[in-house]
Amino acid sequence: MTEKTQPPAFGPHSASTDLPTQYTPADVERKLYERWVERGYFAADPKSGKEPYAIVLPPPNVTGSLHPGHAFEHTLIDALTRRKRMQGYETLWQPGMDHAGIATQNVVERELAKEGKSRHDLGREAFVERVWKWKAESGGRISGQMRRLGDGVDWSRERFTMDEGLSRAVQTIFKRLFDDGLIYRAERIINWCPRCLTAISDIEVEYQEDDGELVSIRYGEGEDSVVVATTRAETMLGDTAVAVHPDDERYAHLVGRTVRLPLTDRSIPVVADEHVDPEFGTGAVKVTPAHDPNDFEIGRRHGLPQLTVMDEHAIITAHGPFQGLDRLEARSAVVAALRAEGRIVAEKRPYRHSVGHCSRCKTTIEPRLSMQWWVKVAPLAEAAGDAVRDGRVAIHPKEMSSRYFEWVDNLHDWCISRQLWWGHRIPVWYGPDGETVCVGPDEEPPSGDGWHQETDVLDTWFSSGLWPFSTLGWPEKTESLARFYPNSVLVTGYDILFFWVARMMMFGLYAMDGVPPFHTIALHGMVRDQFGKKMSKSFGNAVDPLDWMDAYGSDAVRFTLARGANPGVDVPIGEDWVQASRNFANKVWNATRFALLNGATVEGELPSPEEMSATDRWILSRLNSVVSEVDAYYDDYQFAKLSDALFHFAWDEVFDWYVELSKTTFAAGGRPAEVSRRVLGEVLDVTLRLLHPVTPFVTDELWTTLTSGESVVVAAWPEDSGFRDPAAEREIDTVRQLVTEVRRFRADQGLQPGQRVPAALDLTAVPALTAHEEAIRSLLRLQPAGGDFTATATLPVAGATVALDLSGAIDVEAERRRLTKDLAAAEKELAQTTAKLGNEAFLAKAPDHVVDKIRARRAAAEADIARIGTQLDRLPG
RNA sequence: GGGUGCAUAGCUCAGCGGUAGAGCGCCGCCCUUACAAGGCGGAUGUCGGCGGUUCGAACCCGUCUGCACCCACCA
């Protein structure tokens, strides 16, 4: 913090000179956001005649709070929707939250555990009530964070996956799928989390390399024995066969016979199955149909019994000495017992293999045989694949399409039932005589003795898969649904392509008569820390975006995220970068402050090009180019590019060169100053509008001050007027080149930047520059030369000559070093270009513009060599 | 076991066939009346290795190495 006193916060209509010298985000952010919402800027009206533009907010889980990844995603969506709104589209950004079944239930269970209670102590109803209470607090926190970020969502349409309307949607589509035979109930091996006590789907399983131990066990006796290997010895209690490959001669004599299963009083058959790899291990595999998905399949093929030996807590239930042991205890106990019987044939050896873990609690998954509800995905997935294949839905960046196809083309059926309490209860009733009735939203469930509803709830992704249309009122045929479905684009992370995007595609196509839920899928990367490491709480590098917003302002956080957003690529974020963005916001602030202090205006027509100076024409020419550039980047979801383009245009061109050059004009006054004031007003007006979608707060505060407009939120998006002035651009480039060259000389000579130096400027060789003489003198701190120079340094730059009176202060050696270095560079350039131009093949095959460029470079090198030679000759000594 | 992506300045990343770029960091000099959250100047790279295509390659092709991530029912 500086010691300068800060004037109080100011309103949009206070005098312009009230602007403090530093931008203080806290003074404006809250006030502006409230104003935007109050004025209804973000409300989408289905009745307007405007073309619709709709995006859904990927609903955050009600658990916890927003992390940097959310801030990132929201920034991108907010920028897209703000621009479209400015372009005159009827823009909907649909907000809401996801009940996040298993995740939320876990969180609340942990809360309960702190009180020494389990959900069973409360009972289902009270527990669910408790979750709702918790949701109320947590949801409020998230919407508070979204307000801080500046998210332009339509709050009047906020939805929750468990609210009444969305629950109706869930029930409706369940019933429809059920009636179409696309939902069924079946007993299968599923991924079971023994801690969450529920089934989870395949993609909720995270595989990690774990160190296990492979033990080899002999089944049967003597000649008729067979050795199998396993990492889960305890499952042998549930073995109901040994399988070998049909062509494996080693075991041919055993097939069809039985071997005794150690530690039990059972004998199990040896079966031949193609699935067995004879090359792996001993070529014989134990078969546990109730506890392994492969074995389940083998068991099915051979009609083997499915013997369950573990309960839902992964505790052994098989009668005998192991009963009551946890699976890991049982594992070592079983191995010890086998060893005692001499059944372990080889010492157990370390074995690294891939083991499934629950994505929610990291507990090792236990494959388990159980009755679950399933969605038959094949027909749905095919439609989802086709929609992308035939171009109705585009995926950005397109390289990500392969991931999408990888999944939709290789789908297993989706296990949608969860043994949880928090979620949409499956709308199926079972009758006393084994009847199964699926109940639609407007139907009365069957009542009477023996009827009861399914206790399982649906996978949380079942309801979020309906998000693009359930939020718009489906299954009712609402105006909003007709207007805003399909969505224009879906913006989300590539990590939930399978979880969420594919499900929305399947359900959208199914429920909405083959119309896919969005035209475009724009995938972004993950937020990482400044070293490119994944942000995670356990790693300790996760940051709360609110902390940075408090310290540097929302705009700074947003600009940093946008600047890192290359399509589909992970974005690293560090505090240094947020600071840099804060500095940029402050720069924008101060440039506008300068403009206001100097009477910049947006009033009246823009003067004609004839009236303007080359400087004015140059910046307007550049401005229009940037407008087109930014538009092209937006249309291609190139947030990093557009942010960078704006950053450099604003800072380097407008704030540095244009503002500096115009100071001279303003000082001189008169009509040229008036023209420049109008041009500066124009340039800032347009620049602020261009920046607004990414940095909404500072731009609105400044824009309303500058223009007295209502709000930049509802201002028109800039359009390229088509004005270009290449001659003016060349002219200003020359001025910049000249000034830079002389500055370099000054720095090399040790002249302090503020030190005024007498100088003669001879610009006659470049007539266009004469108009800029005052500006050049001012930028270079050159004073008019009075009388004779005592010591002169002459710089021929860009055809002009600058003679500086150094009054004996010239550092001859420094200058000689500088010139020698430049000379070497110029000679190298000459050699290179000459060689190139002497190459016949090059001249014959290279395009003209390349050859011309090389010629120009050679000419420039020659001129440089001559110039530097002259300068060196003049050096004393 | 498959698949995809990435290896460019100290760090994080752009560039993707025609003189190596940005931000931050670093080294000088400056509080020049919009801004020190600033200004000016500067240094820094065998563009992962090796081959090939081409007049020309960071960019295209092959190959190797290293690193990410995704998918997969390997006991």
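Note that the structure is a prediction, hence the values are computed from the model and not measured. In what follows, every chain begins at residue 1, and chains take the letters A, B, ... in the order their sequences are listed.
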S.K.: Does Pro293(A) reach a base, just sugar-phosphate, or nothing at all? Heavy atoms under 4.0 Å.
M.R.: nothing
S.K.: Just call it for Arg563(A): base, sugar-phosphate, or nothing, with non-hydrogen atoms closer than 4.0 Å on any strand.
M.R.: sugar-phosphate
S.K.: Could one point to a donor on the side chain of Gln579(A) or the base of A37(B) with an acceptor on the other under 3.5 Å away?
M.R.: no
S.K.: Could you tell me how far U19(B) sits from G25(B) if I compare only their P atoms? Round to whole Å.
M.R.: 30 Å
S.K.: Which nucleotide, if any, forms a Watson-Crick or G-U wobble pair with G10(B), using both distances under 3.5 Å?
M.R.: C24(B)
S.K.: Is the centre of the Phe72(A) ring less than 6.0 Å from the centre of the His524(A) ring?
M.R.: yes
S.K.: At a heavy-atom distance below 4.0 Å, what parts of residues 656-667 of chain A sit against RNA chain B?
M.R.: Asp656(A), Val659(A), Glu660(A), Lys663(A)
S.K.: At less than 4.0 Å, is any side-chain N or O atom of Lys821(A) found next to OP1 or OP2 of G42(B)? Yes or no.
M.R.: no
S.K.: Checking Arg563(A) against Phe647(A): charged group under 6.0 Å from the ring centre and within 45 degrees of the axis?
M.R.: yes
S.K.: So, OP1 or OP2 of C35(B): does either fall under 4.0 Å of a side-chain N or O from Asn586(A)?
M.R.: no
S.K.: When both hydrogen-bonding distances must be under 3.5 Å and the geometry is Watson-Crick or G-U wobble, what is U4(B) paired with, if anything?
M.R.: A68(B)
S.K.: Do Phe655(A) and Trp651(A) have ring centres separated by under 6.0 Å?
M.R.: no
S.K.: Name the nucleic acid region contacted by Phe584(A), choosing base, sugar-phosphate or nothing; use a 4.0 angstrom heavy-atom cut-off, strictly under.
M.R.: nothing
S.K.: Reckon Arg857(A) touches a base, only the sugar-phosphate, or nothing at all at heavy-atom distances under 4.0 Å?
M.R.: base
S.K.: Can you tell which of G3(B), C30(B), G39(B) lies closest to the side chain of Lys587(A)?
M.R.: G39(B)
